[in-house]
2 protein chains.
Amino acid sequence: MTASRTARERVRAELTREIADIARRQLATEGAGGLSLRAVAREMGMVSSAIYRYFPSRDDLLTTLIIDGYNALGEAVEQADAACASGDYPGRWLAVCHGVREWALAHPHEYALLYGSPVPGYQAPQDTVAARLRDVTVLGLIVSQAHAAGAVTPPALAPAPPAPLREDAERVRGLMPGVPDDVVFRCLTAWTALYGWVSFELFGQFANTIEDRHTAFDHAMRLMGQTIGLR
Amino acid sequence: MTASRTARERVRAELTREIADIARRQLATEGAGGLSLRAVAREMGMVSSAIYRYFPSRDDLLTTLIIDGYNALGEAVEQADAACASGDYPGRWLAVCHGVREWALAHPHEYALLYGSPVPGYQAPQDTVAARLRDVTVLGLIVSQAHAAGAVTPPALAPAPPAPLREDAERVRGLMPGVPDDVVFRCLTAWTALYGWVSFELFGQFANTIEDRHTAFDHAMRLMGQTIGLR
DNA sequence: AGAAAACGAGAGCACTGCTCTTGACGAATG
DNA sequence: CATTCGTCAAGAGCAGTGCTCTCGTTTTCT
C-alpha cells in the first residue's frame, strides 16, 4: 500500500527523499540559514522552481528536517538507554546524557536547528511536537521506573515546589507517571542542565575554558543524576 | 578628547551609534537573520552603500550588537547582585538568575544572538570574549566570597571531580579564586542549568507544559543554589 | 591655498525565495 | 486505441539581499 503504487508515486517519494538528504548535507556544511533551495536544485540537476513541486516552501523543507532530526535524536537516546541494564537507573540516566551529547556533536547543525535559536520567520507547526517529545519520553520512563522500584531518594534539604506549580507538575507527570512533584522539578532542572551544557559546548561558550569536555560532561551529569536522586 | 574633535568626527560617531540603534530595533522585530543593511540604510534615508563607510561588513555590525548585548546583560546582572545584602549568598545567586532571565525576556532576540545558535558564516572575533565574561564574573565573585566566608557546604554524596579535570578547574578558578575543584564544577553545572532553562523558555521548549514560568524558574534555581552548596 | 582624506550617491554583480506560464509526459477513462 | 486530465521540469521574471566600484562633492590637514 504505502510501499509502492504507481511508478509516478514511487519516483516522487524517491525524489522527495533525495531533496531532504541533500538539504541535510547542506545544513551540515552551511548551517541553518545557509540552506538554499536553489543550491539543492543545482546539486540535483533540477531547475529551482521544480523543487516547489515537492516542498511548497523553504519552511516546509525545514519542517521535514526538524522532524527527522527529533526522530534521529530520539532514536539515538532510545538505543543508548536500551544498552543498559534496566535496573541501573543512574547508569541509564548517564547513558541518555551521553547519547544526547554524542548525537549533538555528530550533527551540530541539526542540533542547532532543534535546540538553538528559532530560525527567523519560521514558525514550527504542530507536526513537530510529537517527534520533539521522543527523547524526553525516555528520560521520563527511566525516572518513573526508578521511582516505582523505590530507587529515587531526594537529596537532603531539597526544597518542596510551591503550590502554584502543581498544575505544571501534573502536565509533566504525563511523561513520568507516579513521580511526586519535587522529583518532577528536579528532573526538569536536570533536563535543562543537560541541554544547557550541550548547547554551551556546541555554541562555543566553553572555548579556552573546558578542554576535557567528555570527562567534565560525565562528571556534571553524574552530579545531576544525584540531584534527581537516582540510585 | 574622545568627546569631540572635529565636526566630522562628531557626526560620524553619532551616525555610527544611530546605525547600531536602528539595527538593534530591527533585530528586535525581525530576528538575527532578518537584519538587513539595506533596510537600516532606508530607515536612515541613506543609500545602502553609504553604510559601509561606518561598518565594513554585516558581520562587523553584528559584532557591535553582540558586544553591546553582553555588556547590557552583564550590567543587568551586576545591578541585580548589587541590590542584595552582600552576605546573603543564596539570595544573591537567585537574584543573578532572575536578572539573567528578565533581561532575556526583555530582549529575546539579543539573547538569542548571544546564547542561541551561532549566526551561519559568522565567526565571533576576539573582541567579544572580554564582554562575554561579565555576567559569569558576577557569579564567580558570589561563590568565591561565599566560600571565603565559609558559606559553601557541599551536599552529601557529591561526587569528586576526576583527576583529568584539574586543569579545567584551574582555568575556571580564575573567576572564583580559592574555590575547590568540586565546587567549581557544581557551579559550572548550575550555570548550564540557568542558561539552559532560559533558553528552553525563550526558544519555545516549555510550550504547553510549564505555564507558571516565573515560579518554576525560581524553584529550579533555588534547587541549583542548594546543589552548589550556598547557604 | 592646495593636497588629502572622507563622504553620499548611484550603478552593478551575484545571489536568494518565490510566482507564473508554457509545453511535454504519463496514467486512468471513454 | 484515443482522449482527457493531472503532474511535471523548465524558463522568465519580481523583489529583495550583501557587497564593490566609481564619481563628484565636501571637509580636514598641511
Side-chain angles (χ1 to χ4, degrees), chain A residues 1 4-20 22-23 25-27 29-66 113 118-123 125, chain B residues 1-20 22-23 25-27 29-66 113 118-123 125:
Chain A
M1 303 285 172
S4 71
R5 274 179 40 84
T6 72
R8 192 167 237 165
E9 286 183 14
R10 270 208 314 273
V11 69
R12 180 182 178 84
E14 173 62 28
L15 283 183
T16 305
R17 209 183 52 78
E18 191 176 340
I19 291 175
I22 292 181
R25 270 217 315 276
Q26 264 192 24
L27 197 75
T29 63
E30 305 292 329
L35 202 163
S36 151
L37 289 188
R38 288 178 121 107
V40 173
R42 253 194 313 272
E43 192 161 338
M44 292 196 55
M46 267 175 152
V47 109
S48 69
S49 57
I51 299 282
Y52 290 85
R53 298 273 178 200
Y54 299 89
F55 292 94
S57 79
R58 185 175 177 273
D59 282 10
D60 286 81
L61 178 52
L62 261 184
T63 298
T64 296
L65 295 183
I66 289 176
L113 200 59
V119 179
Y122 172 79
Q123 185 71 312
Chain B
M1 304 289 168
T2 92
S4 71
R5 274 180 38 87
T6 74
R8 191 164 238 168
E9 284 184 13
R10 270 208 314 272
V11 68
R12 181 183 177 83
E14 174 63 26
L15 284 184
T16 305
R17 211 183 51 78
E18 190 177 339
I19 291 175
I22 293 181
R25 272 217 314 277
Q26 266 192 23
L27 195 76
T29 64
E30 306 292 330
L35 202 163
S36 152
L37 288 188
R38 287 178 121 106
V40 173
R42 254 194 312 273
E43 192 163 340
M44 292 197 54
M46 269 174 152
V47 107
S48 72
S49 57
I51 299 284
Y52 289 85
R53 299 275 180 200
Y54 300 88
F55 291 94
S57 81
R58 187 176 176 273
D59 283 8
D60 286 81
L61 179 52
L62 261 184
T63 299
T64 297
L65 295 182
I66 288 176
L113 200 59
V119 178
Y122 172 78
Q123 185 71 312

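Remember, predicted model here, so these are calculated numbers, not experimental data. Proteins come first, then strands; the chains are lettered A, B, ... in the order of their sequence lines, and each starts at number 1.
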d(CD, Gln26(B); P, dG18(D)) in whole Å | 9 Å
Side chain of Arg58(B): nearest nucleotide among dA9(D), dT16(C), dC19(D)?
-> dC19(D)
Is there a donor and acceptor pair closer than 3.5 Å between the side chain of Ser49(A) and the base of dG11(D)?
-> yes
When the distance from CE of Met44(A) to P of dA10(D) is rounded to whole Å, what number comes out?
-> 10 Å
Mapping Ser57(A) and Ile51(B) to their closest nucleotides on DNA chain C, which lands nearer the 5' end?
-> Ile51(B)
Show the distances under 3.5 angstrom between N or O atoms of the protein and N or O atoms of nucleotides 22-26 of chain C.
none

Between dT20(D), dG17(C), dA9(C), spot the one nearest the side chain of Val47(B), thanks.
-> dA9(C)
Of dT17(D), dC18(C), dA9(D), the nucleotide closest to the side chain of Ser36(B) is dT17(D)
May I ask you to evaluate whether Tyr54(A) reaches the phosphate of dA9(D), defined as a side-chain N or O under 4.0 Å from OP1 or OP2?
-> yes
Passing option when Phe55(A) is tested against Leu61(A), Val40(A), Leu37(A) for side-chain contact (heavy atoms from CB on, under 4.5 Å) = Leu61(A)
For Leu61(A), answer base if it contacts any base atom (sugar-phosphate contacts may also be present), sugar-phosphate if it contacts only those atoms, and nothing otherwise; contact means non-hydrogen atoms under 4.0 Å.
-> nothing
Sugar-phosphate, base or nothing in reach of Phe55(A), heavy atoms under 4.0 Å = nothing
Verify the contact: side-chain N or O of Arg12(A) to OP1 or OP2 of dC8(D), cut-off strictly under 4.0 Å; return yes or no.
-> yes
Can you tell which of dA10(D), dT16(C), dG12(C) lies closest to the side chain of Met46(A)?
-> dA10(D)
Which residue lies more 5' along DNA chain D, comparing Ala39(B) with Arg38(A) via nearest heavy atoms = Arg38(A)
Taking only the side-chain nitrogens and oxygens of Tyr52(B), find out if one of them lies under 4.0 Å from OP1 or OP2 of dG8(C).
-> no
